[in-house]
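Below: the structure, in structure tokens.
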Number of protein chains: 2
Amino acid sequence: MVSTLRDVAKHAGVSVATVSRYVNRSGNVRAQTAGRIRQAIAELGFRPNVVGRSLKTATTRSLGVVIPSLSNPVFADAVSGIGQTARAEGYNLMFMATDYDRDAETQTVGALLDYRIDGLILTVSDPGESPVLDLLERTGTPYILIYNQFSLAARPSVTVDNVAAGHDAAEALIGLGHRRLGMISGSFGASDRARARRDGFVRAARDAALAEPVVREVDFLTMNVDAILDDVFKDRSRAPSALFCSNDLLAISLIGALRRRGVRVPDDVSVIGFDGIAVGSHQHPTLTTVVQPSREMGQTAARQLLDCLNGGNAPTGAVLPHILRLGESAGPAGKPDPAALQEPDQTVQRRTAQ
Amino acid sequence: MVSTLRDVAKHAGVSVATVSRYVNRSGNVRAQTAGRIRQAIAELGFRPNVVGRSLKTATTRSLGVVIPSLSNPVFADAVSGIGQTARAEGYNLMFMATDYDRDAETQTVGALLDYRIDGLILTVSDPGESPVLDLLERTGTPYILIYNQFSLAARPSVTVDNVAAGHDAAEALIGLGHRRLGMISGSFGASDRARARRDGFVRAARDAALAEPVVREVDFLTMNVDAILDDVFKDRSRAPSALFCSNDLLAISLIGALRRRGVRVPDDVSVIGFDGIAVGSHQHPTLTTVVQPSREMGQTAARQLLDCLNGGNAPTGAVLPHILRLGESAGPAGKPDPAALQEPDQTVQRRTAQ
DNA sequence: GTGAAAGCGCTAACAT
DNA sequence: ATGTTAGCGCTTTCAC
């Protein structure tokens with residue numbers, strides 16, 4: 001059914017080497033010969049077998065991608081960027097999601113290594129203490145992290161400065177006059193970036209001499225925001241007037257839950273998210289959030305990895321600038337003054353971290 | 001750096017054949033020999049090279065996945081389901097998005113074929129007239145469509161009955177008392193399912209002897225809903241009181257745009273979406289929508305394909321039931337009567353199509 | 001239970 | 001400019 005180089009060679013009356021040269025544009029082939037080969041290829045519907053090539057060249061022209069989940073558009077966007085850059089260079093993607101399961105990380109990366117991917121782009125739960133990264137180092141597989149915060153071990157990663165970003169989120173709220181801040185986050189255990197955002201956020205509150213922010217974890221699968229809200233707003237006098245969510249999906253849930261219990265956003269409580277997923281800016285109220293350039297992060301990671309594979313330097317990672325996007329979900333603290341309201345959806349570039 | 005079967009064999013003092021048998025659990029190996037091999041593998045950090053195996057067995061244990069975009073969570077969910085099922089059987093995914101570009105479809109599928117994927121799961125822009133599907137038929141590659149409507153050519157596809165679903169959406173609105181319906185859709189040219197949904201929707205309006213629904217296409221990339229709304233609501237007296245969107249992302253945009261211009265949802269205009277993406281039910285108002293079981297669709301497609309690869313029958317496709325999810329975004333027509341409002345987020349199973 | 005050897009489809013010396 | 005050939009890592013007869 002499928003034909004091989006040999007079939008084509010026989011059909012065109014040349015040797016396999018010549019066909020190979022023609023197909024790969026390596027070495028010269030006389031125009032007339034090329035014509036015969038072209039015709040043979042067309043007649044047989046020949047498609048080169050990458051498996052044979054890979055075995056010989058010890059290279060697969062495929063990149064592994066391992067991320068926690070596709071359910072969060074932030075990762076999907078990054079994968080889009082990776083795919084675009086990879087495809088432009090003729091690379092394919094072998095893809096797997098781990099669903100935030102550490103064992104799946106190891107298993108998945110192992111499988112990818114068996115496929116002899118040329119390099120790997122991944123997000124792990126903890127880059128400081130990761131058997132997966134050790135395995136990659138040991139086997140000498142080029143890799144680059146994405147989203148993961150830099151750790152002491154200095155693993156290359158393409159990310160924003162999550163600490164600075166968390167700090168900026170707090171400052172934005174403080175700038176609006178909020179004095180009692182809170183943060184609601186997904187599992188800190190499964191996300192080094194959530195921890196970093198929290199650290200920056202809390203530090204900003206301290207820097208401004210505010211009371212220690214309320215910080216709560218919410219179970220990511222059930223997204224049971226209501227239980228958290230009951231707790232946070234138990235004591236209305238000490239309840240936060242502004243909440244920072246560790247990601248936009250959570251922020252959107254939170255706003256829905258608040259409004260469903262009659263709390264007005266932003267009039268009663270301001271909300272700021274993190275990620276900058278597209279749906280946030282199409283909502284009502286539009287979501288105020290710290291935007292990560294996810295697509296660009298994917299592109300950058302892919303670019304660095306591909307450069308490395310093309311004989312360049314090892315990936316170094318990159319800290320990309322985050323952007324504060326002002327939407328309608330965060331407003332001035334206290335009695336709302338319409339004149340003081342932000343113009344919705346105004347986008348303000350903030351500093352690059354580091 | 002990486003060791004081979006031969007290295008292990010030498011290290012353990014056995015032949016490569018025996019190591020191969022041990023690794024693949026094919027044929028018997030004496031316990032003592034197995035022990036030596038196990039140790040050699042551990043010491044050398046041996047990982048079998050799938051490329052060599054694939055060349056020999058003419059099978060890669062990898063599935064191709066080609067979908068229009070990862071930006072819409074509905075596809076991301078399906079890919080999750082595919083990945084889960086594939087991984088459970090030890091299959092890997094080679095993944096590519098086409099960004100709704102027909103040429104990219106062909107190019108991408110071609111690349112995947114060169115990698116000798118064992119089978120392919122894909123969504124095409126037009127299954128009736130698709131060079132890609134012809135190519136797959138010609139090469140005898142097992143494949144199954146997903147989301148695509150069945151066509152005359154009877155390509156196997158895992159989908160909901162989009163015509164019936166569009167019909168149900170209209171009936172739901174009509175049941176709430178709406179008499180003037182409208183539909184806003186992404187490009188019909190790039191989506192056979194959008195066309196099918198429209199057909200069912202329009203037919204239901206006719207069946208109910210209503211005026212022909214207003215139908216408008218919106219550019220998917222810019223999502224410029226406002227221009228459409230200006231047009232649709234130009235003549236308030238004839239403007240629709242309920243709008244059906246061809247997908248949830250669009251519905252969410254639409255609701256935001258409506259509210260931003262002071263139109264209350266659902267008090268003034270009801271909105272119903274399509275897909276059932278998670279974020280819709282966390283919004284305020286919660287989104288009324290026709291839910292596709294995306295994850296399950298992915299699982300079903302993967303299962304049928306894998307069964308086929310394991311020597312079973314060719315994939316037949318499947319029509320999975322859709323579900324109408326009643327949220328807050330659709331309410332009674334005319335003067336809203338609080339007592340008559342639906343209980344939010346109540347989920348009602350509807351008939352399976354066909 | 002184990003080993004020897006052929007060969008999957010391709011590329012890259014090397015030879016002509 | 002083209003042909004011959006070895007061999008990439010593995011599985012799988014076929015012997016023993």
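All chains are named by letter (A, B, ...) in the order of the sequence lines, taking the proteins before the strands, and each is independently numbered beginning at 1. Everything numeric here is computed off the predicted structure, so don't read it as measured data. Hydrogens, waters and symmetry mates are skipped; everything else that's a heavy atom, side chains included, is used.
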Tell me what [X] touches on the nucleic acid: a base, only sugar-phosphate, or nothing, going by heavy atoms under 4.0 Å.
| X | answer |
| --- | --- |
| B:Val50 | nothing |
| B:Ala17 | base |
| A:Tyr22 | nothing |
| A:Val51 | nothing |
| B:Thr57 | sugar-phosphate |
| A:Val29 | sugar-phosphate |

Taking only side-chain N and O atoms of [X], does any of them lie within less than 4.0 angstrom of OP1 or OP2 on [N]?
| X | N | value |
| --- | --- | --- |
| B:Asn28 | C:dG1 | yes |
| A:Ser15 | D:dG3 | yes |
| B:Asn24 | D:dT11 | yes |

* From CA spacing to verdict: side chain to side chain contact (heavy atoms under 4.5 Å, CB included), B:Ile121, B:Tyr143 -> CA-CA 6 Å; B:Ile121 299 174; B:Tyr143 73 91; over 6 Å; no
* Asked: Counting N and O atoms only, with roles assigned by atom type, does the side chain of A:Thr139 sit under 3.5 Å from a partner on the main chain of A:Leu136, one being a donor and the other an acceptor?
  -> yes
Roughly how many Å is it from [atom1] in [X] to [atom2] in [N], rounded to a whole number?
| X | N | atom1 | atom2 | value |
| --- | --- | --- | --- | --- |
| B:Ile37 | C:dT2 | CD1 | P | 8 Å |
| A:Lys10 | C:dG9 | NZ | P | 11 Å |
| B:Leu55 | D:dC8 | CG | P | 13 Å |
| A:Arg6 | D:dT5 | CZ | P | 13 Å |
| A:Asp7 | C:dG9 | CG | P | 8 Å |
| B:Leu5 | C:dA4 | CG | C1' | 14 Å |
| B:Arg53 | C:dG7 | CZ | C1' | 17 Å |
| B:Arg21 | C:dG3 | CZ | C1' | 7 Å |

* Structure fact -> Comparing B:Thr33 with B:Lys56, nearest DNA chain C nucleotide closer to 5' gives the residue B:Thr33
* For B:Arg116 and for B:Thr18, locate the closest nucleotide of DNA chain C by heavy-atom distance; then report the residue assigned to the nucleotide nearer the 5' terminus. => B:Thr18
* **A:Asp77 and A:Arg295 ion-paired at < 4.0 Å** => no
* Test: B:Glu89 and B:Arg303 ion pair at under 4.0 Å -> yes
* B:Thr60-B:Ser62 side chain donor-acceptor pair, cut-off 3.5 Å -> yes
